[in-house]
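Worksheet for the structure shown next.
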Amino acid sequence: MQQEDLAYERKLRPIWESIEIGNYKKALQDVEKMLKKKPTLQCARALKAWAYQRLGRTEDSAPLIAALEQEQPIEATTLHALTLCYKEMQRLDKICTLFSNAVRQVPGSEELLSQLFIAYMRIDDFKALQTVALQLYKLRQRNSYYFWAVMSVVLQALRGPDAANPQKAQLLLALAQRMVDKFIAENKLEGAQEAQLYLQILQEQHKYGEAYEFLQGALCQKLYPGAPVYLRIDLLKQLNKWGELNRLLKELLLQEQDRWDYYQDYINSTFELIKAGDKPDGADYTVEMCHEFLCDIIEAQPKKFRGPYLARLELNRRMVELQYAEDQLFGKMSDMLAEYFELFADKPCCALDMKLFLEFVKPASERRALATKLMNGLGLSSATLPASKEQMQRHICTLQIARYSGAHAIVSEELLHAIYTSLSLHYEHGYNAYGQGLLVTDMGPSDAYALLAAQIMYERAWRMQRSGPAIEALCLLNHLLANSVNNFHGKLLVLQLYHRLGLTQPAQTAYEALDIKHIQLDSLGYLHCAQLANAGFPALAKATYERTMYFFLNDNDANSEAPKALYNFGTFSKLVEIVDFRSRLAHSFHFMLVTVETLLLMVVSSGGTLAQLLAAYRQTRRKPHEDRIRWDKLHDNRDLTIFVCWDPPGDADEVGAAAATTDGQPTNNGTCEGPDAVPCVSKPVGATLEERRVRLQKLSYEQDYDLLRLRSGLSRMLFSLVELYLSRTTVECTVAQAVRDEWVEAVANIRSKQHTPISGRYLVNLLPSRLHLYLSLPYERVFTHLADFVLDLWKGHSVERLAEAAETCCGDITAVFEMMKGAIETYHQSQDLLWHWKMTHELVNGCIEMISLMVFVLAVCYDKYLHAPAPQTQPTTGKKGKKGQSTTDSSSGGPAGATSNVTGSDTTSGTTPTIVPERERLALVTKVLRELKQRINEMDLVLASWKPPVVEESLTSAIERMSLNPKYASTIQMTIAENALTEVRELRKLLKDKLKLMSKAI
């Protein structure tokens, strides 16, 4: 028998290979041949189910999988094949059941127990992990199995269901400690990771004294001799042993003189000693001693390091913050910054370093005076160019500091243009003199001139409310990218500029040039994906969303396997991080928004018949009207540090929502780590760069959170109406009514917050949330009336009420058309068509989306009423079905075959409510659809008259004056025209597709 099994295993191997390389049809052919010879072969049936899964034929694979589940297989290859099937189905919990049944049949199998452990690990069932790990340890006395159990207890305390209960969490951590204490007492502790886990357990219980004692003890020194020094530093901080920490950091700084993190902790420990009044031996417990130590490092260092100089600035900053008297300071902040500039201005990081301290030079006029002083010290004038690469870098540094100090905010538009022209010429000179012969991956030394010039020119465009300066900025950035093809800062600015102007097609090209991959699709995807939902290019948006969704769905599978390696190698210290990372990714706000927009886009962009659209609808992995978003776990994973911002902080108009209410806002607001180079917002008095960054992220996330509420609620309401007519049950009617009420309540709540858009003054500011677009359009009115009409149709109580609801929907359709028509007419009357293109095209796309969604819902209603069986002409006996519901069609409040949903009827008196016949309901739906047809045809005519924006001819001469190739102006001119014409063509095709969808009704 064993030889026979081996023979079958050899025959199955080609089937495995066929599926793995994507040849599913051949795999099915081969497996069918094998099943003819041996129909009961479990592995063959599992492979057949897997092949069906890969082909998308889930209805064929389901019976095969169900039959195998009943048989409870134990053979390894069958279990592996079924595991792959469950992964395809996104049912990782089924894998646990599969191996749990196998273990029950073969209780002494270490391999099966290990696989069961991995299965529970994938779904983060930490309690089950502990049980299985102890079973493994009982079966085989290995330290690794025992510490699997310990780590599982720790994870229960930190990330399990009991983590929210402090008492239970502490009990679990105490249990984990006792488990390790037992091993220590028995002298069984073996590895560094085991010692590190014990330290982690003690720290999580706030037993810092015990942790420090263990870290310094002989056992830890033996097992974990390479323990990083930050463990000791962190424990000393928690124990408030500032003197010992101060001495330790002084030793470390004498060895590593450029460690900025050590300097920060050293200075902080000095101020803590001052606060406590302690004067320990060997420690620096006054600011004078601290300053003297820093000066000694500066004087003794063999080469010029930035670290100690930055530490002096930080020491002075802390003293200013703590309101030390001026005579106690170690110098005027502006003078110290000027000294730092003299030393390090030839380094690209100098301006970023100085930016951390510039806000402590007060008032703002003194900051501008400092920038002027630095500029004058260079010996350059508007007519002279830098004589060396180092002088050029110093010049760039002064320009960046000048802008951050607000020098550009107080000058006229004409002077801004003069600054832009000067920077463009400096860039060209720097590229020709110092930017030749670089590697393709290198950024040019003068690129910063062009980046700053583009931001200045966009600000001028915003002030003038004209597109010309923005086009000039695009020309310069394209020239920059032709010279430095991998300058991602330039690519980001190009992407922002195109989105600021509402040019979706070139923005897509810029996004693709960034080559965003893997986790960046989550952290940086917001830069582009957030603008695509109403961008007028449904096919383009669909492809981008699918790529993003593919990453989330497939990376989630990959990440579910990551803890496996950590457990196998005993790397327990990273397990909590991995669990948190998986959670952040699985509950990513960007993922949820893209998911919702993909569902809506499926309807809006559909170009086939209703049957084809419903087939796509049914292929969604779950019922689209169900709310699967874990609102309490949503995480904002956006990286807002990607842009380097030199715009001045503190402008009052940057975020008008400074005092916006936060009632009802999300409580779980994620933040991104990284250097503070972010869009600037109006700052409260004393707010630091980091505080402003966090505040900006909070404000924008609150608006986008409400955007997700709005869009998710809309999709759920519409799909619940569709589901009502597809399933025809009273349960779905109740669900649809409840979802409709939730939508109305959510919109009212969002409107009450009075969100204010983020200002568009600066190029690197976040783009305004699409929430404001949807609130400006009649989404609430249109879809609330639509839901009421569809629900009343289902109930069919009153002809008058239904007729009134139909008239209301017709009026809404007309209002949407008039709004779209008025927007395009206003656009045509504007002096600068390109500057007004974005606002107009977003509004037009919003109107078309409303019409498209209405068509889908009403087409489903029409189809169901059209194919409803004729009502019975003879009275029936009223035969009862389940739960006493009548099975007769004539008393049904919904379509034929639906169970009764008559509300408000007097069942005790024996009276029967009047039900509107199916034919009359069909006529009312037809009436609304005909109104839609008429307005869609009128929309098509309006779109045909929509003029594309043009670039002024005078720009070409302006480009030539800057010594740039005029091809950039002509290329951008063609790009803008092509974008507009393509968008209009796409929208007109979309409207024709809607007419095709309604073809049966009209």
Side-chain angles (χ1 to χ4, degrees), residues 499 502 504 522 524-535 541 544-545 548-549 587-601 603-604 624 627-638 640 655-657 660-670 679 696-719 739 742-760 765-780 782-784 838-839 842-843 845-847 849-850 853:
H499 276 310
T504 307
D522 186 23
L524 300 180
Y526 73 94
L527 293 168
H528 184 59
C529 292
Q531 309 301 316
L532 290 181
N534 289 85
T544 305
Y545 284 160
T548 304
M549 292 282 289
H587 301 103
S588 163
F589 169 83
H590 183 59
F591 177 29
M592 296 301 130
L593 185 60
V594 168
T595 302
V596 170
E597 295 294 1
T598 301
L599 288 172
L600 289 171
L601 191 64
V603 174
V604 175
D627 188 6
R628 297 298 182 91
I629 298 176
R630 294 289 301 273
W631 296 95
D632 58 323
K633 290 192 173 184
L634 276 182
H635 206 281
D636 181 11
N637 297 330
R638 294 174 301 166
L640 301 190
V655 175
T661 178
T662 57
D663 294 343
Q665 292 298 340
T667 55
N668 187 357
N669 195 15
L696 171 70
Q697 181 146 1
K698 183 175 183 294
L699 281 169
S700 64
Y701 181 62
E702 285 172 354
Q703 296 186 15
D704 282 344
Y705 181 91
D706 280 342
L707 169 68
L708 179 58
R709 289 176 62 200
L710 196 72
R711 300 293 281 175
S712 173
L714 174 63
S715 68
R716 288 181 58 225
M717 181 176 70
L718 294 176
F719 291 131
V739 173
E742 287 175 19
W743 152 259
V744 173
E745 183 181 352
V747 177
N749 174 261
I750 292 167
R751 286 193 183 279
S752 69
K753 296 174 185 176
Q754 299 181 346
H755 290 298
T756 305
I758 293 174
S759 168
N765 265 13
L766 286 171
L767 293 164
S769 172
R770 280 186 294 118
L771 173 69
H772 307 288
L773 168 68
Y774 299 124
L775 292 179
S776 68
L777 291 168
Y779 271 78
E780 179 184 10
V782 168
F783 291 111
T784 302
K838 179 179 174 63
M839 180 178 63
E842 286 183 341
L843 194 147
N845 279 283
C847 291
E849 182 186 66
M850 286 190 280
L853 295 173

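- In this structure, the side chains of E742 and R716 come closer than 4.5 Å at one or more pairs of heavy atoms.
- Looking only at distances, a side-chain donor or acceptor of S700 sits under 3.5 Å from a matching main-chain atom of Q697.
- The CZ atom of F719 sits 8.5 Å away from atom CG of L714, with the distance rounded to the nearest 0.5 Å.
- A 4.5 Å side-chain heavy-atom check between L775 and R751 finds at least one atom pair inside the cut-off.
- Looking only at side-chain heavy atoms (C-beta outward), L699 and I758 stay at 4.5 Å or farther from each other.
- Residues that satisfy the ring pair (Phe, Tyr, Trp, His ring centres under 6.0 Å) test with Y779, not counting sequence neighbours, are Y774, F783.
- Scanning both residues, S769 and D704, for their nearest heavy atoms gives OG-OD1, 2.8 Å.
- Listed here is the closest heavy atom pair of L710 and W743: O-CZ3, 3.2 Å.
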If you apply the rule salt bridge (Lys or Arg N to Asp or Glu O under 4.0 Å), what do you find for E702 with K753, and how did you get there?
CA-CA 10 Å; E702 285 172 354; K753 296 174 185 176; over 6 Å; no

Determine, stepwise, if the pair R770 / E849 fulfils salt bridge (Lys or Arg N to Asp or Glu O under 4.0 Å).
CA-CA 14 Å; R770 280 186 294 118; E849 182 186 66; over 6 Å; no

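- Remark: side-chain polar atoms of Y526 are not paired, donor with acceptor, to backbone N or O of N637 under 3.5 angstrom.
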What's the verdict on side-chain contact (heavy atoms from CB on, under 4.5 Å) for R628 and T595, showing C-alpha distance, side-chain angles and the deciding distance?
CA-CA 11 Å; R628 297 298 182 91; T595 302; over 6 Å; no

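- Closest non-hydrogen pair, D706 versus I750, comes out as O-CD1, 3.4 Å.
- Note that the CD atom of Q703 and the OG1 atom of T756 stand 7.5 Å from one another [nearest 0.5 Å].
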Please evaluate residues V747 and T784 with respect to the criterion side-chain contact (heavy atoms from CB on, under 4.5 Å), reporting the C-alpha separation (whole Å), side-chain torsions for both, the decisive distance (0.1 Å), and the verdict.
CA-CA 11 Å; V747 177; T784 302; over 6 Å; no

Would M549 and V594 satisfy side-chain contact (heavy atoms from CB on, under 4.5 Å), going step by step from the backbone distance to the final call?
CA-CA 7 Å; M549 292 282 289; V594 168; 3.8 Å; yes

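- The distance from the SG atom of C847 to the CD atom of E842 is 12.0 Å, given to the nearest 0.5 Å.
- With sequence neighbours excluded, the residues satisfying ring pair (Phe, Tyr, Trp, His ring centres under 6.0 Å) with H499 are H528.
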Report the C-alpha separation of L853 and V604 in whole Å, then their side-chain angles, then the decisive distance to 0.1 Å, and conclude whether the side-chain contact (heavy atoms from CB on, under 4.5 Å) test is met.
CA-CA 6 Å; L853 295 173; V604 175; 4.0 Å; yes

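- With rounding to the nearest 0.5 Å, the separation of CD in Q531 from NZ in K838 is 5.0 Å.
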